[in-house]
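A note on names: the letters A, B, ... follow the listed sequences, proteins ahead of strands, and every chain is numbered from 1. Only this structure's heavy atoms are used, side chains among them; waters, hydrogens and symmetry mates stay out.
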Protein chains: 2
Amino acid sequence: MTKKTTIYDIAKKLNITAATVSRALNNNPKISKSTKEIVLRTAAEMNYEQNKLAQALKNGKSFNVGVIISRIDSNFFASIIRGIEEELFNHGYHVIICQTNNNENMEAENINTLLNAQVDGILMSISNIDIDKNDAFKRILNKKIPLLFFDRKKSIPGISSITIDDFSAGYKATQHLIDEGCKRISHLTVDRNFEIFRDRFLGYQKALSDNNILFDESLVIETKSNIEAGKDAAKKLLKLKNPPDAIFSSSDFSALGAIQEIKAQGIRIPQDICVVGFSNEPFTKFMELSISSIDQSPIEMGKTTARVFIEQVKNKEKYIEQKVVLDPTLIVRKSSSRK
Amino acid sequence: MTKKTTIYDIAKKLNITAATVSRALNNNPKISKSTKEIVLRTAAEMNYEQNKLAQALKNGKSFNVGVIISRIDSNFFASIIRGIEEELFNHGYHVIICQTNNNENMEAENINTLLNAQVDGILMSISNIDIDKNDAFKRILNKKIPLLFFDRKKSIPGISSITIDDFSAGYKATQHLIDEGCKRISHLTVDRNFEIFRDRFLGYQKALSDNNILFDESLVIETKSNIEAGKDAAKKLLKLKNPPDAIFSSSDFSALGAIQEIKAQGIRIPQDICVVGFSNEPFTKFMELSISSIDQSPIEMGKTTARVFIEQVKNKEKYIEQKVVLDPTLIVRKSSSRK
DNA sequence: TTGTACGCGTTATCAT
DNA sequence: ATGATAACGCGTACAA
């Protein structure tokens, strides 16, 4: 193994000092054109390679950014990360990913290890509704490095977030179902302690009241975001004396489960029951009975998150909180088209 | 902002030297129990936080691992990364992800920036069939840090890889179609310069010949791995004088496109044409006409890749090349079940 | 068991 | 324009 060459080696070879070499390598103006040239040339000859670690230690800037999500193997989160990585790559940053599996302790641990690794910022979709009471969280604030929430945010003064308008999304989905003639609209929600799920629920409620439809608590079911939970929810709904004629689900996966159960019971979609999901996972489009859903433009969400981060590192002094709210798009497919 | 506390600060407070503090913090045996205790206690009191960057510079070990893939927003790659991250987390490593979009230059650039960032290893699915001729690639070898291929590998002596048995997968899929009574079996392949696609093709060929079915070049179509390409391929196939009665695709996405085109032309699946895809993407299971596919157990593949990496860093001297070959599983669904 | 002194590779602040 | 030196925060061989 050839020992790695440092700026010292190349300085020795040229009978100059390491400082000069460093200047040549960093486009420092205080250097003559000639020496700069020869330094760059011999650097190339000696296969010199920057040690970003040493730079990071010296400059207090690692050019690493931590991204924390619950899990990466869902199209929604994977797409966000795609957007983040693509955008940050252009600015020389690397993306470190961490998964919490929705576990609060994992989330705290991930924050701590990221901070110890001296990341320049943390972008996260929260797994803990009380994150602001968490010590690890406070460490981020203390360090004064940018912290950004995307998707699962918590509204905290001074902390920027990038989300879609979940209230509007819930409203749009519900209004659409009403427009299709549905009158008893169920809502499959997830933990409403998270703002995104509460907002979708509130949008749903508002659309109902705007259309003079009485809100019926028994039509709201809290589920996990998976197929089995969707089936269970549908079973409950179909047992009601007065079952729903539509389901708006905060998750594509529970929407799919509900659809499977409904069809298994011989009930027709969309004629008897219309269904709208959430997130526009690829399968919703591919199915023969394609599923209507809310598109959250995750790649754009990721890119935007990255851009806000870049802005914040550039204006470290005059940091301004940004609450970016992207527009959700209702995508109407067969599961809710009665025309 | 409270200035970050270093081992120096805590040494000063205790009237000892930084070296002793370091020893206390690193379970160094050369220290008394009593001083160790008090150091740890005051470290906690002063909110001391390890600077992994400084450690990394000193020890030549960053505890960061680079993972390079074409893109993260496919369930297959996302699941692999999930497996890698989960496994590596337990060993204190962070995962840096890089996407190439199948661009060779991006791949080389990613390698270079990862090396400059002093990662302890690189795990990658290659985007360049001539990667071994690449300078960036040679840099990895020179640095003597572990390099592992997963999925899209290239067989290079001394380099470990974790893949499924693609030949066997191609064979299994084809044999299954033959068992269902198909006689003219088409194959949608991707760039056969990549070993995985060539192996799947070879397995397909072998199954044909083992069953005394004549190989027909006109039934093999090279496509991209997306829906449109699948549609185009199906159009070509259906125009043949003697169209196929089965399609084995190296990609679930082109399989889906083919299915859409076939159905659009009023041809029945599986009665007229059976279809088998590859990768077991979630949508293949969810569709009403569920799609048979080959499962590559991506999470397991990721975990295995991580484990092999850990082994290699632990036995840096007696490094032994490992070629792990996981077993593919044929998952038979409606698109190829005629019973 | 503890302290001293130096090095990891780089950059920034002084001089010259 | 260039050189000398210190510093980033930590770990360790050597000496005490």
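- Residue contacts for N26(B): at a heavy-atom cut-off of 4.0 Å it reaches the sugar-phosphate backbone alone, with no base atom in range.
- Using a 4.0 Å heavy-atom distance criterion, S22(B) is classed as a base contact.
- With sequence neighbours left out, the salt bridge (Lys or Arg N to Asp or Glu O under 4.0 Å) criterion links D132(B) to K154(B).
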Kindly list each side-chain donor-acceptor pair under 3.5 angstrom involving residues 91-98 of chain B, sequence neighbours excluded, with atom names and distances?
residue, atom, partner, partner atom, Å
Y93(B), OH, K61(B), NZ, 2.7
H94(B), NE2, T113(A), OG1, 3.1

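- Within residues 34-61 of chain B, the residues that have a heavy atom under 4.0 Å from DNA chain C are, in order of number, T35(B), L57(B), K58(B).
- Proximity of T20(B) to the phosphate of dT2(C): no side-chain N or O atom is located under 4.0 Å from OP1 or OP2.
- Between R307(B) and E300(B) a salt bridge is recorded (basic side-chain N to carboxylate O distance below 4.0 Å).
- Side-chain contact of Q312(B) with Q322(B): a donor-acceptor pair under 3.5 Å is absent, judged by distance alone.
- When the C1' atom of dA1(D) is taken as reference, atom CG of N28(A) falls 10 Å away, rounded to whole Å.
- Applying the salt bridge (Lys or Arg N to Asp or Glu O under 4.0 Å) test to K12(B) and every residue at least two apart in sequence or in another chain returns nothing.
- Summary for the helix from dT1(C)-dA16(D) to dT16(C)-dA1(D): the axes at its two ends, each from 5 pairs, differ by 40° when rounded to the nearest 10 degrees.
- Counting only residues at least two apart or in different chains, ring pair (Phe, Tyr, Trp, His ring centres under 6.0 Å) contacts with residues 134-164 of chain B are absent.
- At distances below 3.5 Å, at least one donor-acceptor pair connects side-chain atoms of S62(A) with backbone N or O atoms of Q118(A).
- Inspection of the S34(B) and S32(B) side chains reveals an N or O donor paired with an N or O acceptor under 3.5 Å.
- One interatomic measurement links the two molecules: CG of L25(A) to P of dA1(D), which rounds to 18 Å at whole-angstrom precision.
- Tested against I38(B), the residues L14(B), I10(B), I16(B) include a single side chain to side chain contact (heavy atoms under 4.5 Å, CB included) partner, L14(B).
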Pick out the pairs of N or O atoms, protein on one side and nucleotides 13-16 of chain D on the other, that lie under 3.5 Å.
none

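- The side-chain contact (heavy atoms from CB on, under 4.5 Å) test applied to E49(B) returns N116(A), R139(A), K143(A), not counting sequence neighbours.
- For residues 13-23 of chain A, the side-chain hydrogen bond (donor to acceptor under 3.5 Å, both in side chains) pairs, not counting sequence neighbours, are S22(A)-N26(A).
- Here K36(A) pairs with nothing under the salt bridge (Lys or Arg N to Asp or Glu O under 4.0 Å) rule; sequence neighbours left out.
- Within residues 5-18 of chain B, the residues that have a heavy atom under 4.0 Å from DNA chain C are, in order of number, N15(B), I16(B), T17(B).
- The list of side-chain hydrogen bond (donor to acceptor under 3.5 Å, both in side chains) pairs with a residue in residues 98-111 of chain A, not counting sequence neighbours, reads Q99(A)-R82(B), Q99(A)-E85(B), T100(A)-S127(A), N101(A)-R82(B), N102(A)-R152(A).
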